[in-house]
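A short worksheet on the structure shown next.
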Amino acid sequence: MIEQSLFRASCIHRLDPRLRISCAMCLAIFLSLLRSPAGCLAGLFIGGVFLVLSRPQWRPIRRRLVTINIFVLFLWCITPLTTPGTALIQYGAINVSLEGMQLALLVTLKANAIACIFLTLICTMSITEAGHALKCLRCPSKLIFLFLFTARYLHVIAKEWGVLFTSAKLRGFIPRTNIHTYRTIASLMGLLLVRSYMRAQRVHDAMLLRGFTGHFRTITTFQTHLIDLYFLLAVVFCVMAVFFAEYYGDTYV
C-alpha cells in the first residue's frame, strides 16, 4: 500500500481512484500556478479540509509534513538572499529582499497545500488500485510497470542493503569521512546493483513461466457513483473559490 494504513475508513476511500488521481493532478497544477498569498492560503485551507475529511492518523502525517517543510526551510535560507528587489534587511553584503521573502512564503503555502491534497487523494489508495487507475487513464505502460515494481521491490532492495551493510560492520567496517569509507560504500552499492539485476532476472523468468505477456490483468472494474459526482462538484467549487481569492489578492510576479 502507498500510505493507506495511515488513514481510517472515510468517504474519500469510496471515491473512484481514477477521479482521485485526476483531481489531484489538476489541483496540483492549478495551485502551482498561483501568484498571490490569498490564493495560496485558500488552497492550503482546502487541502487541510480534505486532509481532515480523510480521517488520518495525525502523528505519522505530522512527521511527513515536517519532512516536507525541512526542505522548504532551505528556501527560506537562500531565496531572500538571492532574489533581487527591495531591501528588507541589509547588513554589509547581505541583502534580504522583500520579494525573496514573498516568494519563499508562496512556495511554503503551495508545497503544504499540494502535500495535503496528495496525502488525501493519492495515499488513501492501494498500489494496485493506483496502477489500475493509471492504466485506465491511458498512462504509458512502461511508466506503470516502473511504478508497480518499484513499490513492490523497494523494501526488498532496502533489506538487501541492510544485509550488505551489516556484513561490512561485522568485518570491522566503521563509517568515517575518509577514502576507505567512500570506496567501501561504492563497493557495497555496486554489489547491491548486481544483486538487484540478478533478482530482476529471476522475477522476470518467474513471470514468464506464469504466462506474463507484458500486460497486467485484473478482475477489478471501477465504477462511477453519485458520491464521485458530488466530490467533483466540490472540487470545481473549491477551484472557483481559490480563483476568486487569487483574482482579488495581491499578485506577485
Side-chain angles (χ1 to χ4, degrees), residues 1-33 43 46-47 50-51 53-56 60-61 64 68 110-111 113-160 193 196-236 238-239:
M1 296 183 183
I2 301 178
E3 295 285 357
Q4 199 175 14
S5 60
L6 301 180
F7 298 86
R8 306 178 186 91
S10 65
C11 59
I12 301 295
H13 292 77
R14 297 164 53 192
L15 296 174
D16 191 333
R18 297 170 298 180
L19 178 64
R20 279 190 268 174
I21 293 178
S22 301
C23 289
M25 296 301 298
C26 293
L27 286 174
I29 295 174
F30 176 70
L31 292 176
S32 65
L33 298 177
I46 292 171
F50 283 179
L51 189 60
L53 292 177
S54 64
R55 301 181 62 198
I61 291 297
R64 283 155 178 77
I68 293 172
K110 290 180 184 181
I114 294 174
C116 290
I117 290 173
F118 269 78
L119 285 172
T120 301
L121 300 179
I122 303 299
C123 295
T124 50
M125 68 179 71
S126 65
I127 291 294
T128 54
E129 285 180 338
H132 187 31
L134 289 173
K135 181 181 178 181
C136 294
L137 293 174
R138 299 293 187 269
C139 290
S141 58
K142 291 184 179 180
L143 179 63
I144 298 174
F145 288 161
L146 181 62
F147 169 72
L148 292 175
F149 283 115
T150 300
R152 170 61 180 84
Y153 288 99
L154 184 62
H155 300 289
V156 177
I157 296 175
K159 185 177 180 181
E160 290 282 352
L193 181 62
S196 301
Y197 176 73
M198 295 175 63
R199 181 176 288 274
Q201 285 186 323
R202 293 197 299 269
V203 171
H204 182 257
D205 293 339
M207 293 176 65
L208 292 178
L209 290 175
R210 288 163 175 79
F212 180 68
T213 58
H215 300 280
F216 287 116
R217 310 193 189 285
T218 178
I219 60 175
T220 303
T221 57
F222 296 136
Q223 295 181 352
T224 303
H225 299 88
L226 191 60
I227 189 175
D228 299 316
L229 179 60
Y230 290 154
F231 179 77
L232 182 59
L233 292 176
V235 170
V236 173
C238 292
V239 169

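Residues take their numbers from the sequence shown, with the count starting at 1.
- Taking CD1 from I68 and CG from L119, the interatomic distance works out to 6.0 Å, rounded to the nearest 0.5 Å.
- Between G43 and L31, the shortest heavy-atom contact is CA-CD2, 3.8 Å.
- Nearest heavy-atom pair across I29 and S32 is O-OG, 2.7 Å.
- Pairing each heavy atom of R20 with each of H13, the nearest pair is NH2-O, 3.6 Å.
- Side-chain atoms of L229 and T224, non-hydrogen and from C-beta on, never get closer than 4.5 Å to each other.
- Between atom CD1 of residue I144 and atom CZ of residue R138 there is a gap of 10.0 Å, rounded to the nearest 0.5 Å.
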For I127 and L148: C-alpha separation, side-chain torsions, deciding distance, then whether side-chain contact (heavy atoms from CB on, under 4.5 Å) applies. CA-CA 7 Å; I127 291 294; L148 292 175; 3.6 Å; yes
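- Across every non-hydrogen atom of G131 and F147, the tightest pair is N-CE2, 4.1 Å.
- When atom types are taken as modelled, the side chain of S54 and the backbone of L51 share a donor-acceptor pair closer than 3.5 angstrom.
- Side chain of S22 to backbone of L19: no donor-acceptor contact under 3.5 angstrom is found.
- With hydrogens and angles ignored, the 3.5 Å screen pairs no side-chain donor or acceptor of D205 with any backbone N or O of R202.
- Atoms CG and CD1, on L121 and I12 in that order, are 6.0 Å from each other to the nearest 0.5 Å.
- In F222, the CZ atom is crowded: over 12 heavy atoms of neighbouring residues, nucleotides or ligands sit closer than 6.0 Å.
- Distance check, rounded to the nearest 0.5 Å: SG of C23 to CZ of F231 gives 5.0 Å.
- Minimum heavy-atom separation, C116 to G47: CB-O, 3.4 Å.
- Of the inter-residue distances, the one linking Q223 atom CD with R18 atom CZ reads 9.0 Å to the nearest 0.5 angstrom.
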side-chain contact (heavy atoms from CB on, under 4.5 Å) between R14 and H225, worked out: CA-CA 9 Å; R14 297 164 53 192; H225 299 88; over 6 Å; no
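- Minimum heavy-atom separation, F50 to V235: CZ-CG2, 4.4 Å.
- Separating the CD1 atom in I21 from the CZ atom in F118 is a distance of 9.5 Å, to the nearest 0.5 Å.
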